[in-house]
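One structure below.
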Amino acid sequence: MSKYVFGVDVGGTTVKMGLFTVEGEVLDKWEIKTRTEDGGKNVLPDIADSIKSKLADKNLADEDIEGVGIGVPGPVKEDGTVLKCVNLGWGILNVQDELRALTGFEVKAGNDANVAALGEMWQGGGKGYSNVVMVTLGTGVGGGIILNGKMLFGVNGAGGEIGHICVDENETEICGCGNTGCLEQYTSATGVVRLATRAMASSDKKSALRDLETVTAKDVFDLAKTGDELAKTVVDEQAHILGRTLAQIACVVDPEIFVIGGGVSKAGSILTDAVKEYFVKYAFHACRGTKFALAELGNDAGIYGAARSILK
């Protein structure tokens, strides 16, 4: 008889959920609202209720379910303890224990970025590899590290927070984390816009970027593809910073592959080719052959990875 797992990806607005076979086939996926009021006390009960409802809809018994994996937007220790989750209103909470009590199923919790990396390893851009570093370039920069097929949690649940590696000690603008000079200040979507704004201010070079009322990261990459020199300079600077930082990460965890995801990754090869070029320039010689790939699962990476996390 087939066995099934639930994958849950908790966001600040919605909770994405999926029902999977243990082989990795998604049978159903849906969303529920994330009720963050009252300190987020309804989030886990709502998830449990949705799981029970889906079991009834699919005519599945409790014994058909291997368990529930869940990714949350905050630091998660290996025992399932969340050390404050601002977006959800949570303080210190053991998600595994709470959701297990509500559902009766085995539960495995992880940080959402690490869980997404696990999903890409299982059925996405990192499929076929067991040592993967995923880099998510969105509004910020997220990271997930998978070593020997297992998520790297770290003592405080902060393993994989690569977006907050300091790459410029002379930076004066403050990152959202409270520090300065973080990787995400230069290589995220907002970081690319910051680089473009600074480039236009420090140069009188002609560029179609100057004709735009509002510059986006997509604009920068699209114009770079057309040969716009200022846009190309910005793309090169972003790739330089990211490639150099990934070379440093490779010295620590030595992955088989870097998987690049998030909205900025939609730029495609103009991004990955440039990043890889700088990676090779700075990497320790034993790591220079590390592969690069684009993420494939998009917004579903979290539910895939959550489902995979419960499988032994």
task: Verify, without hydrogens or angle tests, whether R288 (side chain) and F279 (backbone) share a donor-acceptor contact under 3.5 angstrom.
output: no

task: For residues V72 and D112, determine if any side-chain heavy atom of one lies less than 4.5 Å from a side-chain heavy atom of the other.
output: no

task: Without swapping roles, check the side chain of E98 against the backbone of L44 for a donor-acceptor pair under 3.5 Å.
output: no

message: Using modelled atom types and a 3.5 Å cut-off, is there a donor and acceptor pairing between side-chain atoms of D254 and backbone atoms of C287?
response: no

Donor-acceptor contact present, side-chain E184 to main-chain G163, <3.5 Å: no

- request: Evaluate side-chain contact (heavy atoms from CB on, under 4.5 Å) for I47 paired with V15, printing each intermediate quantity in order.
  value: CA-CA 8 Å; I47 291 169; V15 179; 4.0 Å; yes

message: Is any side-chain heavy atom of T290 closer than 4.5 Å to one of P255?
response: yes

- prompt: Is there a side-chain contact between V68 and I51 (heavy atoms, below 4.5 Å)?
  reply: yes

- prompt: Are E120 and K127 close enough for a salt bridge, meaning some N to O gap below 4.0 Å?
  reply: no

message: Taking the ring of F20 and the ring of F6, is the distance between their centroids below 6.0 Å?
response: no

- prompt: Does the side chain of S188 come under 3.5 Å of the side chain of T190 through a donor N or O and an acceptor N or O?
  reply: yes

task: Any chance you could measure L152, atom CG, to I146, atom CD1, to the nearest 0.5 Å?
output: 8.5 Å

query: Would one find more than 12 heavy atoms of other residues, nucleotides or ligands at under 6.0 Å from atom CD1 of I174?
result: no

message: Using only atom types and a distance under 3.5 Å, with no angle test, would you say the side chain of T14 pairs donor to acceptor with the backbone of K16?
response: no

- request: Inspect the contact between D46 and R35 and indicate whether a charged nitrogen and a carboxylate oxygen are less than 4.0 angstrom apart.
  value: yes

message: Are L271 and L137 packed together at the side-chain level, in the sense that at least one heavy-atom pair is separated by less than 4.5 angstrom?
response: yes

query: Considering residues, nucleotides and ligands other than K29, do more than 12 of their heavy atoms fall under 6.0 Å from its NZ?
result: no

task: Check whether NZ of the Lys or CZ of the Arg K54 lies under 6.0 Å from the centre of the six-membered ring of W30 and within 45 degrees of that ring's axis.
output: yes

field: NZ/NE/NH1/NH2 to OD/OE distance under 4.0 Å, R198 and E171
entry: yes

- prompt: Any donor-acceptor pair under 3.5 Å linking the side chain of Q185 with the backbone of C182?
  reply: yes

task: Decide if the gap between the ring center of H240 and the ring center of Y282 is smaller than 6.0 angstrom.
output: yes

- request: Please report the C-alpha distance between L93 and T81 in whole Å, then the side-chain angles of each, then the deciding distance to 0.1 Å, and finally whether the side-chain contact (heavy atoms from CB on, under 4.5 Å) criterion is met.
  value: CA-CA 6 Å; L93 173 72; T81 301; over 6 Å; no

message: Tell me whether N299 at atom CG has more than 12 heavy atoms from other residues, nucleotides or ligands lying less than 6.0 Å away.
response: no

task: Any chance you could lay out the side-chain contact (heavy atoms from CB on, under 4.5 Å) test for I145 and F153, step after step, and finish with the verdict?
output: CA-CA 8 Å; I145 298 174; F153 287 85; over 6 Å; no

- prompt: Are L297 and L19 co-members of a hydrophobic cluster defined by side-chain heavy atoms under 4.5 Å apart?
  reply: no

task: Find out whether L183 and H164 are in side-chain contact, i.e. whether some heavy atom of one side chain is under 4.5 Å from a heavy atom of the other.
output: no

- request: In sequence, state the C-alpha distance, the side-chain angles, and the governing distance for T216 and D219, and then conclude on side chain to side chain donor-acceptor pair (under 3.5 Å).
  value: CA-CA 5 Å; T216 67; D219 294 329; 3.0 Å; yes

message: Set out, in order, the CA-CA distance, both residues' side-chain angles and the distance that settles side-chain contact (heavy atoms from CB on, under 4.5 Å) for V10 and M17, then state yes or no.
response: CA-CA 8 Å; V10 184; M17 304 180 69; over 6 Å; no

- request: Kindly indicate whether the side chain of I162, heavy atoms from C-beta on, has any atom under 4.5 Å from the side chain of V135.
  value: yes

- request: Return yes if some donor-acceptor pair links the side-chain N/O of T34 with the main-chain N/O of G11 below 3.5 Å, else return no.
  value: yes

task: Taking the side chain as every heavy atom from C-beta outward, state whether K77 and L83 have any atom pair closer than 4.5 Å.
output: yes

query: Do you reckon I249 sits in the same ILVMFWY cluster as V259, going by side-chain contacts under 4.5 Å, direct or chained?
result: no

query: Any donor and acceptor pair, going by atom type alone, linking the side chain of E256 with main-chain N or O of Y129 inside 3.5 Å?
result: no

- prompt: To the nearest 0.5 Å, how far apart are CG in D222 and NZ in K266?
  reply: 12.0 Å

message: Tell me whether D38 contacts the main-chain N or O of G40 through its side chain, where contact means a donor paired with an acceptor under 3.5 Å.
response: no

message: Treating K225 as the side-chain partner and A267 as the backbone partner, does any N or O pair qualify as donor plus acceptor under 3.5 Å?
response: yes

message: What I want to find out is whether D64 reaches K3 closely enough, with some N-O distance under 4.0 Å, to be called a salt bridge.
response: no

message: Quick test of your reading of the model: are E106 and R100 salt-bridged, counting only N-O distances below 4.0 Å?
response: yes

Connected via hydrophobic side-chain network under 4.5 Å: V8 and L102: yes

- request: Flag the pair V26 / D300 as yes when at least one side-chain heavy-atom distance between them is below 4.5 Å, and no otherwise.
  value: no

- prompt: Considering residues, nucleotides and ligands other than E169, do more than 12 of their heavy atoms fall under 6.0 Å from its CD?
  reply: no

task: Check the side chains of N148 and S130 for a donor-acceptor pair under 3.5 angstrom, ignoring hydrogens and angles.
output: no

field: salt bridge (charged side-chain N to carboxylate O under 4.0 Å, His left out) contacts in which one or both residues fall within residues 78-89, not counting sequence neighbours
entry: none

L60-L99 co-clustered via ILVMFWY side chain contacts under 4.5 Å: yes

query: Does Y304 share a hydrophobic cluster with L118, counting links as ILVMFWY side-chain heavy atoms below 4.5 Å and allowing steps through other members?
result: no

query: Taking atom CG of D57 as the centre, does the number of heavy atoms from other residues, nucleotides or ligands within less than 6.0 Å exceed 12?
result: yes

